[in-house]
Amino acid sequence: MYKPASPSMDYTADHKSAFKQPERNAIISGDRTSPISVILVSSGSRGNKLLFRYPFQRVSENTSSSANKQRSPYALNTAGDAADDQDGDSREQTPLTDEQLVAGFSDIILATILATKSDMCGKKFELKIDNVRFVGHPTLLQSPHTIQVSKTDPSPKREMPTMILFSVVFALRANADPSVISCMHNLSRRIAIALQHEERRCQYLTREAKLMLAVQDEVTTMTETDGTPQSPFRQILPKCKLARDLKEAYDSLCTTGVVRLHINNWLEVSFCLPHKIHRVGGNHIPPEALESSLKAIRPYHALLLLDNEKTLLAQLPLDCSPALVRLVKTCSAVKNLQQLAQDADLALLQIFQIAAHLVYWGKAIIVYPLCENNVYMLSPHANIRLYSPLAEQFAQQFPGHDLPSMLAKFSLPISLSEFRNPLDAPMHEAQLIQMVVWMLQRRLLIQLHTYACLLVPPTEDEEHGLKEEEPLLAARLGGRSLSTPNALSFGSPTSSDDMTLTSPSMDNSSSELLPGSDSPLNKRMTETLLASLTEQERQGILSVPAAQSPEDLRMFARLLHYFRGHHHLEEIMYNENMRRSQLKTLFDKFRSVLVVTNHEDPVISIFQSPPE
Amino acid sequence: MGTKSRIECIFFSEFHPTLGPKITYQVPEEYISRELFDTVQVYIITKPELQNKLITVTAMGKKLIGCPVCIEHKKYSRNALLFNLGLVCDAQTKTCALEPIVKKLSGYLTTLELESGFISNEESKQKLLPIMSTLLEDLNADGSCTLPIDESNTIHLKLIELRKDPVIVQEYDVPVFTQNKDYFIKTQWDLTTQQILPYIDGYRHIQKISAEADVELNLVRIAVQNLLYYDVVTLVSIFQYSNVYCTTPNVQTLIDDKSLQEECLDYVCKAGQRASLRDVFLLYCGLTPGTTVRDLCSRYSLQLQRVDERKLIQFGLTKDLIRRLQKYPVKVIRDERSRPPRLYTGCHSYDEICCKTGMSYRELDERLENDPNIIICWK
C-alpha cells in the first residue's frame with residue numbers, strides 16, 4: 001500500500017550488496033502471489049467444522065488468559081479500538097504479518113463463514129474481511145435427499161453422521177491480483193473435483209474428516225486435563241494424507257508455484273501459478289498477456305525449451321501424450337514450428353496447442369528460429385550484474401568465458417554472422433550458438449526485426465496546409481487478410497485445409513509466373529494494387545526512379561499491404577517466399593517513400609521484455 | 001469493467017428481537033431477493049468475532065459490502081443492537097474504493113446511535129430511508145456526498161480511486177508534466193510541491209531541482225513521487241546530446257493513431273513551423289543503437305529545421321515511442337588485493353554514477369573508456 005515515504009527511508013542503497021534488490025523484490029511480490037493459508041471446512045449433520053488449516057495457529061489465545069486486555073498480536077481488534085477512529089482508515093498500529101492476519105480468526109468463526117449454505121455450492125466463493133480474501137469452491141457431496149436413501153441402504157460402514165458439503169479455501173492478501181485469485185479458485189476447484197470423486201468411490205473424504213475431528217477432540221481433552229495448549233493440526237499431519245497434501249499444496253504455491261498432488265495416492269491434481277513461473281526481471285507476465293501472445297504465434301516461429309530435453313522428459317507424468325514426448329524430442333531452436341510439425345509427424349494445429357501448453361507451464365518460450373542473419377541485442381531487463389548467480393552458471397557452463405564480457409558484445413545490435421571468424425575452429429561457432437541459446441533462455445537477449453512503413457514525402461500543396469483529410473494508412477491498406485494460418489484461425493472449419501505443410505502465398509503471386517513483364521494483365525494488377533492509395537501517394541511512388549522498372553513496381557505494389565509497420569522482413573520472406581536480398585534491395589530502391597526501423601517483435605517480446 | 005464503481009443498492013439490515021436478521025430498508029426497493037439475503041445473512045449480521053470488520057461477500061452475481069456493528073447496552077432488548085448499513089454492486093465491479101465509505105458510514109451511524117439513539121428510536125430511524133436514497137444518487141453521480149443528518153451532524157463522503165503504487169524517484173530522473181502546466185492549480189498542493197513547481201520543466205533532473213529550488217533532495221523525491229501517483233507528471237531521463245535512444249514497437253502507433261499524430265506534431269514542431277509526419281517519423285526511426293542525438297542532428301539537419309530535437313525526444317519518451325539506452329560499466333578484471341567494485345558492478349548507469357559522484361559524463365567516459373579492466377554494456 002503506497003504511503004508517502006518518510007525522509008528516514010534509506011535511499012542510499014548503493015552501499016548495500018547488489019543482491020539485496022532482487023531478493024527484496026521477490027519477497028514483496030511473493031506476498032501478493034502466495035496464499036496466506038489453506039483451510040478445509042465441511043458442513044454436515046454435525047454442523048460446520050473446520051477440519052484442517054495450515055499454517056497452524058501458534059499457541060492460540062485461551063479464554064483463561066483473558067487476552068482482551070493484553071495487546072497480544074493474535075488478539076482480534078476489539079470494537080473499542082475501531083470506534084475511536086472516526087475515519088475508520090487505519091486499524092492497526094503495527095502492520096500484522098500474513099500469518100497473524102489469518103491467525104486472528106478462530107477455528108469456529110472460520111468454520112461458520114467458510115462452510116457456506118448449499119446454494120452457494122458449485123460456484124466460486126469469494127469473501128473479503130478487512131485485509132484477508134478467502135477464495136474457494138464449495139462442493140456438494142450429496143444432495144440432501146439422498147441421506148434418506150442411505151439410511152435404508154444395507155451397505156456396511158456407511159458413516160453416520162454424514163457430510164453434506166466441503167470447501168478447500170485459500171486465504172490471500174486482500175490486494176492480490178485478480179488473476180491470482182482466479183488461479184487459486186481454479187486450484188480449489190480441481191482439488192474439490194478429485195475429492196468428490198474419491199468420496200463417491202470409497203468415502204475417502206469422510207474417513208479423513210473423521211480422523212481429523214478425532215485428533216482435534218483428543219487434543220482438546222488433553223489440553224483440558226494438562227493445561228498445556230497445543231495445536232491439534234500439528235498432530236493431524238502425520239495421521240492424515242489429505243492434510244499432508246494440503247500442506248504440500250500450500251508450500252508449493254509459496255515457493256515454485258507448481259503443485260502436483262496425488263489425492264488418496266490415486267488421482268493426480270496438477271496446477272501451476274503462472275505468476276510464479278513466468279518471472280522476468282522481478283515482474284511476472286500477466287496470464288492474459290501470455291494468452292494473447294500465444295494466439296498470435298505463427299508457423300515461422302520456433303519453440304525454445306527452457307530446460308534440457310532429459311530434464312523436461314523426466315518431469316512429465318507417465319501417462320502423458322506421446323505427441324508431447326515426440327515434440328520435445330524433435331524440437332530445436334533452429335527449427336520453426338512448421339518444420340517441427342513435419343519432423344515430428346504431427347499436424348500444425350497440434351504443434352500450436354502443445355507449444356502453447358509448454359509455454360504456459362513455463363517450460364518453453366517462443367522465439368524466431370536461430371539463423372546467422374538474426375540480429376540480437378541486450379534486453380533492457382537483462383541482469384548484467386557482476387556477481388549474479390547467472391554469471392556463475394555461465395562460467396561453469398562455458399569455462400574460459402565470462403558473462404559480462406559476452407553480454408557487452410551485444411550492446412550494439414549484432415548478427416550472428418558478424419561473430420564468425422573464418423580462422424576460428426568450427427567448434428567455436430557451435431559454442432557461440434550454445435551461448436546464444438543459453439542467453440535467450442535466461443531472457444538476456446532480444447531479437448530485432450526490420451519493419452517498413454510507407455510514408456510519402458509531402459507535396460508542396462501539403463506543406464502549405466492544403467492537405468485534405470485522408471483515412472489512416474492502416475485503414476486503407478488493411479483490407480487484405482493473409483492466408484498464413486495462425487492460432488487464431490483455428491476456430492473456423494474452412495481454415496483447417498490451410499494447415500498443410502506448404503508455405504502459403506498470396507493469391508496473386510502467380511503473376512510471377514506470367515511471361516513478359518509488360519503484359520497488360522500485369523499492368524492491370526499493379527494498377528489495382530496501387531488504387532487503394534491516395535493520388536499523392538501514388539505520385540510519390542511513381543516518381544521514384546526504380547518505379548520505371550515494371551517488375552520492381554509490381555513487386556512493390558504486391559507487398560504494399562506489408563508496409564504499415566506491423567510486418568517484419570522475415571514474415572514477408574516467409575509469406576511471399578522471397579529471399580532476404582531481394583527484399584533488402586527493394587527497400588533500398590524505394591527508400592524515398594519508405595521509412596525503415598528496427599525493433600523487437602511485439603508478439604513475442606513479452607517473453608523478453610514484459611510490461612512493467 | 002468501468003473505473004467508476006457503480007452502487008446498485010444501499011441496504012440497512014438489523015437483528016430484530018423476534019424476527020431475527022432482516023433488511024429493514026433498501027433502496028431501490030426489493031433489490032435484494034429473499035434468497036440472496038438468506039444466503040449471505042451470516043456475513044451481514046455476524047457473530048461478535050466479525051464485528052467492525054469490512055466484509056465483502058460475492059453471491060448470485062452480486063457483491064455486498066458491509067460493516068456489521070454491535071452496540072451493547074442493557075436498554076436494548078437482548079442487550080445489544082446489531083445493524084449493518086451496506087452497499088450492493090455487480091459482482092464484476094471493483095469495490096476497493098467503496099470500502100472506506102462503508103466504514104465511515106458505520107462509524108457515523110454508531111456515533112448517532114450513541115449520542116441520540118438515532119437507530120433504536122423508531123421515528124428517527126425512518127429518516128434513514130431518504131438519507132440512503134440521497135447517498136445512492138449522489139455517490140453514483142459525483143462520487144461524493146455531503147448530507148446533514150440532524151442539527152449537529154453532517155455526513156461527508158468521497159469516493160477516492162485507488163491507483164497503483166508509483167516507482168521510486170531517483171536523483172537522475174527528470175519529471176515532465178503530462179498535461180499543460182497551466183492547468184495546474186498551485187494552491188491545491190502542499191508547500192514543498194509549490195516551491196519546486198517552477199523548476200519542473202521537463203529538462204531539469206531531481207538533483208538539479210533540489211539545488212535550484214533550495215529544497216532538500218529527499219523532499220523533492222517524495223513530492224515528485226506524489227505527483228507521479230496522481231499522473232500529473234511522468235519520468236524521463238536526462239537529455240544530453242551524447243544520449244543514445246532506440247525505437248520501441250510502440251513507435252508504429254504514431255502511424256496508426258491520428259490523435260497521437262496531431263499531438264506529436266503540435267508538441268515537437270518549432271514555433272510557427274509545421275513539420276510533416278514523415279519528417280518526424282524519420283527522425284524517430286533515425287534513433288538507433290550507436291547513434292547519438294548529435295549524430296541525428298547532423299544526419300537529418302533538413303528535418304530538424306522544423307523540429308525541436310529536445311521536445312522530440314521528450315515526447316518520444318513520455319509516449320513510449322523510443323527508449324533510452326544507458327551505459328553500464330562492469331569491472332571484470334581486478335587484482336586480488338583491491339576492493340570489490342562499488343559502482344562498476346553493472347547495476348549503476350552512467351547517469352546514476354555521474355549524479356552520485358559529481359563527475360561529468362565526459363570525465364567518466366574518459367576515465368572508463370581507457371581502462372582495460374572495465375567493459376561497458378548498453379541496455
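Order of the sequence lines sets the chain letters (A, B, ...), proteins ahead of strands, with each chain counted from 1. This one's a predicted model, so the numbers in the text were calculated from it and none came from an experiment.
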Qualifying residue for side chain to side chain donor-acceptor pair (under 3.5 Å) with B:Gln252, from A:His599, A:His566, A:Arg564:
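Only one option passes, and that is A:His599.
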
Looking at A:Thr597, A:Asn598, A:Leu455, which hits side chain to side chain contact (heavy atoms under 4.5 Å, CB included) with B:Cys285?
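Filter result, single survivor: A:Thr597.
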
Which atoms of [X] come close to chain B, meaning under 4.5 Å heavy atom to heavy atom: side chain ones, backbone ones, both, or neither?
{"X": "A:Leu594", "result": "backbone"}
{"X": "A:Phe134", "result": "neither"}
{"X": "A:Val135", "result": "neither"}

For the residue pair [X] and [Y], what are the closest heavy atoms and their distance?
{"X": "A:Ser592", "Y": "B:Arg278", "value": "O-NH2, 2.9 Å"}
{"X": "A:Ile129", "Y": "B:Lys53", "value": "CG2-CD, 3.4 Å"}
{"X": "B:Cys246", "Y": "A:Met377", "value": "SG-CE, 4.3 Å"}

Where does [X] contact chain A at under 4.5 Å (heavy atoms): side chain, backbone, both or neither?
{"X": "B:Val57", "result": "both"}
{"X": "B:Phe281", "result": "both"}
{"X": "B:Thr247", "result": "both"}
{"X": "B:Asp279", "result": "neither"}

Any salt bridge linking B:Glu99 with A:Lys128? Criterion: basic side-chain nitrogen under 4.0 Å from a carboxylate oxygen.
yes

Counting heavy-atom pairs closer than 4.5 Å to chain A, which one of B:Leu325, B:Val42, B:Ile376, B:Thr46 comes out on top?
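So the answer, after comparing B:Leu325, B:Val42, B:Ile376, B:Thr46, is B:Ile376.
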
